[in-house]
Amino acid sequence: MRKKIIAGNWKMNKTVQDAVELANAIKLDLAGCKEVDVVLCPPFTALKAVSDVVSETLISVGAQNMSSEDDGAYTGEISHTMLKELFVRYVILGHSERREYYKETDLWINKKMKKALEKNLRPILCVGEKLEVREAGETESVVEEQVREGLKDIPAAAYTELVIAYEPVWAIGTGKTASSEQAQEVHAFIRGIVKDMVGKDAADAVRIQYGGSMKPANAGELLAQPDIDGGLIGGAALEARSFVDIVKAGI
Ligand code: 13P
C-alpha cells in the first residue's frame, strides 16, 4: 500500500512573512498528519522560515529546483548542500515551467535526479504533455520519453524515495483538470514504463502524483484512482483552507 503524498508548489509566490503565515495556518490542521505525507515547497527565499515553522511536525519541506552541480561558479544556482542545511527533504525537478521557460532538458533533469538521490534528497520528477501533443494523440510517446530519460540509470532501490508527478501542461493553472479517467490512464501507463525499466517491485512502490488544477472539489475522485498516489498542487496550495481540504481528501 503506497502512502499518499500531497505537495504544495507555491511557485514564485509568497514573501517570507506571507509564507510563514500560510505554513502556520496549514500546521494548525496538519502538524500531526500521519496518513498522508504533506510537503510544502515555498520559494528558496522562504525555505528557512517555513522549515522553522514545521520543524516539530510531520510536515516536510521541499525546494522547487536544485543545481546538478555540487558547488562552484554557477551564478544564481542553489546546491543540494545549501538545501539540506535548511532541512529540505524533497526537491521538485523538471517542472514544465522550468522545461518551457528555462529550457531544461531531460538529460539535465536526469543529472539533477541522480544528484538529489545521491545526496539523500527525495526528488519529485515532473512529466506531462502539452495540449498540442494530446490533440495529436502523442501523449504516451512524449510522456514515455520524459520518464525513460528522466529516470535513466537510476537503480530500482531508489524508487521508494523518488516521486513522479504527472502534470499535463494544459491542465496547469488553467482550471481544466484531467478527468480522473484520463489521469488514471496515464498514471497506469507510467507505472508500466517503470515496471519495464526496473521491475515490478519498484513499479508497485513508486508514488505517482497528479498535478494540474487539483482542488478540493476534484481531489477526492482523483485520489481514489488506483494509480494516483497524491497531488502536486499549485494555485490551491496558496491558501490554507483549500490545501488542507485536498490533504483531507487523501486520508
Ligand atoms: P495548478 O494547481 O495551479 O494547476 O498548478 C499545478 C502545478 O504546476 C504544480 O506543480
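Every number for a ligand or one of its atoms is a count from 1 in the order of the listing.
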Under the side chain to side chain donor-acceptor pair (under 3.5 Å) rule, what do Trp170 and Glu129 come out as? Steps first, then yes or no, please.
CA-CA 8 Å; Trp170 49 270; Glu129 81 287 1; 2.8 Å; yes

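- Under a 4.0 Å criterion applied to the non-hydrogen atoms of Asn9, ligand 1 contributes the atoms 9 (C), 10 (O).
- For ligand 1, the atoms closer than 4.0 angstrom to any heavy atom of Gly212 are 4 (O), 6 (C).
- Considering only non-hydrogen atoms, atom 4 (O) of ligand 1 lies nearest to Gly173 out of Ser96, Gly173, Gly234.
- The distance criterion of under 3.5 Å between nitrogen or oxygen atoms is not met by Glu97 with respect to ligand 1.
- Close approach to Glu167 involves these atoms of ligand 1, each under 4.0 Å from a residue heavy atom: 6 (C), 7 (C), 8 (O), 9 (C), 10 (O).
- With Lys111 as reference, Glu69 is the one residue of Glu149, Glu69, Glu104 to meet the salt bridge (charged side-chain N to carboxylate O under 4.0 Å, His left out) rule.
- Inspection of the Ser242 and Asp245 side chains reveals no N or O donor paired with an N or O acceptor under 3.5 Å.
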Please lay out, stage by stage, how Ser55 and Asp52 fare under the test side chain to side chain donor-acceptor pair (under 3.5 Å).
CA-CA 5 Å; Ser55 65; Asp52 287 347; 5.9 Å; no

Evaluate the criterion side chain to side chain donor-acceptor pair (under 3.5 Å) for residue pair Thr177 and Asn218; output intermediate values, then yes/no.
CA-CA 8 Å; Thr177 322; Asn218 58 30; 3.0 Å; yes

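- Near His95, meaning under 4.0 Å from one of its heavy atoms, ligand 1 places the atoms 7 (C), 8 (O), 9 (C), 10 (O).
- Both Val198 and Val143 sit in one connected hydrophobic cluster of ILVMFWY residues. Membership requires side-chain heavy atoms under 4.5 Å apart, directly or through other members.
- Judged by distance alone, the side chain of Ser213 and the main-chain N or O of Ala171 form a donor-acceptor pair under 3.5 Å.
- Using 4.0 Å as the threshold, Ala171 has a heavy atom nearer than that to some atom of ligand 1.
- The distance from ligand 1 to the heavy atoms of Gly235 drops below 4.0 Å at these ligand atoms: 1 (P), 2 (O), 3 (O).
- Under the 4.0 angstrom criterion for non-hydrogen atoms, Lys11 is in contact with ligand 1.
- At a heavy-atom cutoff of 4.0 Å, ligand 1 is contacted by both the backbone and the side chain of Ile172.
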